[in-house]
Amino acid sequence: MIDLDLLRNNLEEVKSNLSKRAFDFDTSLWNELEENRKDLQVQMESYQAEQNTIAKEIGSAQKNKDSIEDLKAKASEISNKLKKVKEKFQTNKIEYDDFLLSIPNLVDASVPQGKSEEDNEILEEIGEIPSFNFSPKDHQELGILNDGMDFKAAVKISKSRFVIFKNSIALLSRALTQFMLNTHINDHGYKELYVPFIVNKDSLIGTGQLPKFKEDQFQITDDDGEMYLIPTAEVPVTNYHKDEILKSDDLTLSYVAHTPCFRSEAGSYGLDTKGIIRQHQFEKVELVKITHPDKSSEELEKLTSNAETILKLLELPYRKVKLCSGDIGFGSSLTYDLEVWLPSQNRYREISSCSNYKDFQARRLKIRTEDNGDKILCHTLNGSGLAVGRTIAAILENFQDASGKVTIPEVLRSYMNNQEIL
RNA sequence: GGAGAGGUGGCUGAGUGGUUGAAAGCGCUCCCCUGCUAAGGGAGUAUGUGGUAAUACCGCAUCGAGGGUUCGAAUCCCUCCCUCUCCGCCA
């Protein structure tokens, strides 16, 4: 959620910033909602104040054995008026909150202006793009060829956009996960968390997936009401410190968590139908940081380089891009995407998205810290370190030979019984 | 799943309809006193939000959550969530 003060006192600044995202801020609706809110709230609270006063008078009158009939009549009248105003206030509040929750985050000043991913700023290309003297296979073919993937059986058991990993691919997936976790924990100073994969509605509102992106979530039926499968570990991990005032000495908090992620992929019908690039379920190792606001910029650089380290150690060619204002996510203020080279597609594909949410999530979640006696909102950040499924695809495709054999990156071999070839 | 007991401020813990936003103690902050230490005295110590430029002032809300009764609810009623104990079941 964006800062209400800013909305009330610097509306033009907010509007022009959001217009970079092609978000059209409805000024007249906002003005109406805000005026109503102010009006109704002032009315409501003054009735409440009046009611409190009379209630006290009745109390003391009763003690003195004075007559309270007149006071009671007056109180009844106020009580009725209050009820009506309260109803109006609450009706307005629902719309008001909904409006606020649907406003995306302000973008950082350094974010390039643009409409789509075409306009993202390419910062660096790292590693060598492989050249093959044969026509490279895609990862689906390679997975099947090496008896490591079964798409048909997954569809039979579940539905499309699911896969079964077998044998060495299943092992590769497990090895990658361990390798990523160990690297972040041992070399980069992250603390590991194991978290729930099913979360409540409030958690998704807190990190920004709800109310706007409900159709992207997997909702499940439960006696407790609305529950959801997590779309990313960002949700449970960032929510870990919801409603807390963190000690400034404890910041920056750095967490890593491995979880499956579930996405409905509604509306992505023609996209990436082949292979494991876009699945309903995939494994991811996620990095999350909670920082003092002064530290979030440098922490984003660190977090991104921590994710890059994984790609470097795996010797995968990738590039780093800064997302433009038209491509950046709803809650993010600044995002670096890491994109890995996929030979079969002859292009780079996202494998990690590292974002500084600044106080956008912290405001919804009430994650604060003390700063010279003041209580201020923290900043939250997250990024994949990395998406395991896409890493598997990248390894298969980049390290294949003419016969379809795949060389396993050296750093993984100790996790795979020293196997060298898949 | 069955039976019972509970959820109050940073913590412990009083409080069953009327100056209770909340006693008391602990902790914490500041001040005073005392060669040091220990002990003692005094003051202060929740969060959110609104009117506001304001960390000035005034108000409102919050005693697990949401409803209800009432002029008035931490206190009464309903629903839900959570915790603990015992039994059952289970990896």
Side-chain angles (χ1 to χ4, degrees), chain A residues 1-13 30-97 99-101 194-206 210 220-228 236 239-250 293 359 361-378:
Chain A
M1 206 155 83
I2 67 170
D3 187 1
L4 265 177
D5 267 357
L6 214 56
L7 217 48
R8 285 170 185 159
N9 303 320
N10 262 316
L11 186 57
E12 286 313 309
E13 191 187 320
W30 162 244
N31 285 338
E32 189 192 318
L33 288 168
E34 170 65 356
E35 266 171 45
N36 282 342
R37 186 226 100 227
K38 192 190 280 188
D39 195 47
L40 292 168
Q41 184 167 347
V42 169
Q43 271 187 61
M44 180 177 79
E45 289 183 358
S46 69
Y47 281 139
Q48 280 172 331
E50 226 176 311
Q51 186 178 61
N52 288 343
T53 312
I54 297 185
K56 277 175 192 169
E57 283 174 26
I58 291 176
S60 56
Q62 216 170 31
K63 215 173 253 173
N64 300 332
K65 310 233 159 139
D66 293 340
S67 161
I68 57 170
E69 290 314 307
D70 289 353
L71 286 170
K72 275 183 89 165
K74 203 168 148 196
S76 271
E77 201 182 310
I78 291 165
S79 176
N80 283 332
K81 283 184 188 165
L82 175 62
K83 215 173 207 171
K84 280 178 195 157
V85 178
K86 213 173 188 171
E87 267 171 35
K88 282 192 201 165
F89 177 81
Q90 271 157 358
T91 308
N92 183 71
K93 183 157 171 55
I94 290 168
E95 216 184 321
Y96 188 86
D97 289 346
F99 181 83
L100 289 178
L101 289 175
Y194 174 82
V195 293
F197 305 158
I198 296 173
V199 298
N200 60 34
K201 192 178 167 185
D202 283 347
S203 296
L204 285 162
I205 291 173
L210 290 181
I220 62 173
T221 308
D222 184 273
D223 292 342
D224 299 337
E226 287 181 45
M227 298 295 281
Y228 297 84
N239 271 273
Y240 186 47
H241 293 291
K242 182 182 167 172
D243 291 323
E244 287 183 23
I245 297 170
L246 301 165
K247 286 192 188 127
S248 54
D249 290 347
D250 293 343
D359 61 12
Q361 295 178 323
R363 182 170 293 108
R364 293 179 174 209
L365 293 168
K366 298 188 181 70
I367 301 175
R368 290 163 294 174
T369 188
E370 300 207 24
D371 181 64
N372 294 322
D374 287 333
K375 288 171 182 68
I376 59 168
L377 292 168
C378 292

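Since this is a predicted model, take the numbers as computed values, not measurements. Within every chain, numbering begins at 1; the chains are lettered A, B, ... in the order of the sequence lines, protein sequences first and strands thereafter.
For A/Asp39 (side chain) and A/Glu35 (main-chain N/O), no donor-acceptor pair under 3.5 Å exists by modelled atom type. A side-chain donor-acceptor contact under 3.5 Å links A/Asn239 to the backbone of A/Ser203. A/Thr91 contributes a side-chain N or O that, together with a main-chain N or O of A/Glu87, makes up a donor-acceptor pair within less than 3.5 Å. Remark: side-chain polar atoms of A/Arg364 are paired, donor with acceptor, to backbone N or O of A/Leu101 under 3.5 angstrom.
Comparing the P positions of B/rC82 and B/rU29 gives an interatomic distance of 38 Å, to the nearest angstrom. For the C1' atom pair drawn from B/rU45 and B/rA38, the interatomic distance equals 25 Å after rounding to whole Å. Going from the P atom of B/rG18 to that of B/rC30 covers 40 Å, rounded to whole Å. Distance check on atom P: B/rA23 versus B/rU8 gives 16 Å, rounded to whole Å. B/rA22 sits 35 Å from B/rU85 when the P atoms are compared, rounded to a whole Å. Here, B/rG64 and B/rU52 have their P atoms 34 Å apart, quoted to the whole Å. B/rA61 and B/rG9 have their C1' atoms separated by 16 Å, with the value rounded to a whole Å. Comparing B/rC32 with B/rG48, their C1' atoms are spaced 36 Å from each other, to the whole Å.
Residue A/Gln48 places its side chain closer to B/rA61 than to any other of B/rA61, B/rU47, B/rC71. Between B/rG48, B/rG72, B/rG50, one nucleotide has an atom nearer to the side chain of A/Arg8 than all others, and that is B/rG50. Closest to the side chain of A/Lys38, out of B/rC71, B/rU52, B/rA61, is B/rU52. Closest to the side chain of A/Lys72, out of B/rU49, B/rC71, B/rC60, is B/rC71.
When the shell of 6.0 Å around CD of A/Glu95 is examined, it contains 12 or fewer heavy atoms from other residues, nucleotides or ligands.
Judged by closest nucleotide on RNA chain B, A/Lys375 is the one of A/Lys375 and A/Arg37 placed further toward the 5' end. The nearest heavy atom of RNA chain B to A/Val42 and to A/Ala75 marks one nucleotide each, and the one closer to the 5' end goes with A/Val42.
In this structure, NZ of A/Lys242 is placed 13 Å from P of B/rA65, rounded to the nearest angstrom. Following rounding to the nearest Å, A/Glu34 (CD) and B/rU49 (P) show an atom-to-atom distance of 14 Å. Atoms OH (A/Tyr96) and P (B/rG50) sit 7 Å apart, rounded to a whole Å. B/rG66 atom C1' lies 13 Å from atom CG of A/Asp202, rounded to whole Å. Atom CG in A/Asn200 sits about 20 Å away from atom P in B/rG64, given to the nearest Å. Distance CG (A/Asp97) to C1' (B/rU49): 13 Å, rounded to an integer number of Å. For A/Leu365 and B/rG48, the CG to C1' distance is 16 Å, given to the nearest whole Å. Protein atom CD1 of A/Ile245 is 17 Å distant from nucleotide atom P of B/rU45, rounded to whole Å.
Side-chain atoms of A/Glu45 and base atoms of B/rG59 include a donor and an acceptor less than 3.5 Å apart.
Residue contacts shown for A/Gln62 include a base, since a base heavy atom lies under 4.0 Å away. A/Asn52 comes within contact range of the sugar-phosphate backbone alone, with a heavy-atom separation under 4.0 Å but no base atom that close. Base engagement by A/Ile58 is indicated by at least one non-hydrogen atom pair under 4.0 Å involving a base atom. Residue A/Lys56 is classed as having no contact, given no heavy-atom separation below 4.0 Å to the nucleic acid.
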RNA chain B in dot-bracket form (Watson-Crick or G-U pairs under 3.5 Å, [ ] crossing, | inter-strand) is ((((((((.[[[..)..(.....]]]((((((.......))))))((((((.....)))))).[[[[[..)....]]]]])))))))....
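Using a 4.0 Å cut-off between charged nitrogen and carboxylate oxygen, A/Glu370 and A/Lys247 do not count as a salt-bridge pair. Ion pairing of A/Lys93 with A/Asp97 is present here, as a side-chain N (NZ or NE/NH1/NH2) and a carboxylate O approach within less than 4.0 Å.
If you check residues 81-94 of chain A against RNA chain B, you find no residue with a heavy atom closer than 4.0 Å.
Note on A/Ser60: every side-chain N or O is 4.0 Å or more away from OP1 and OP2 of B/rU19.
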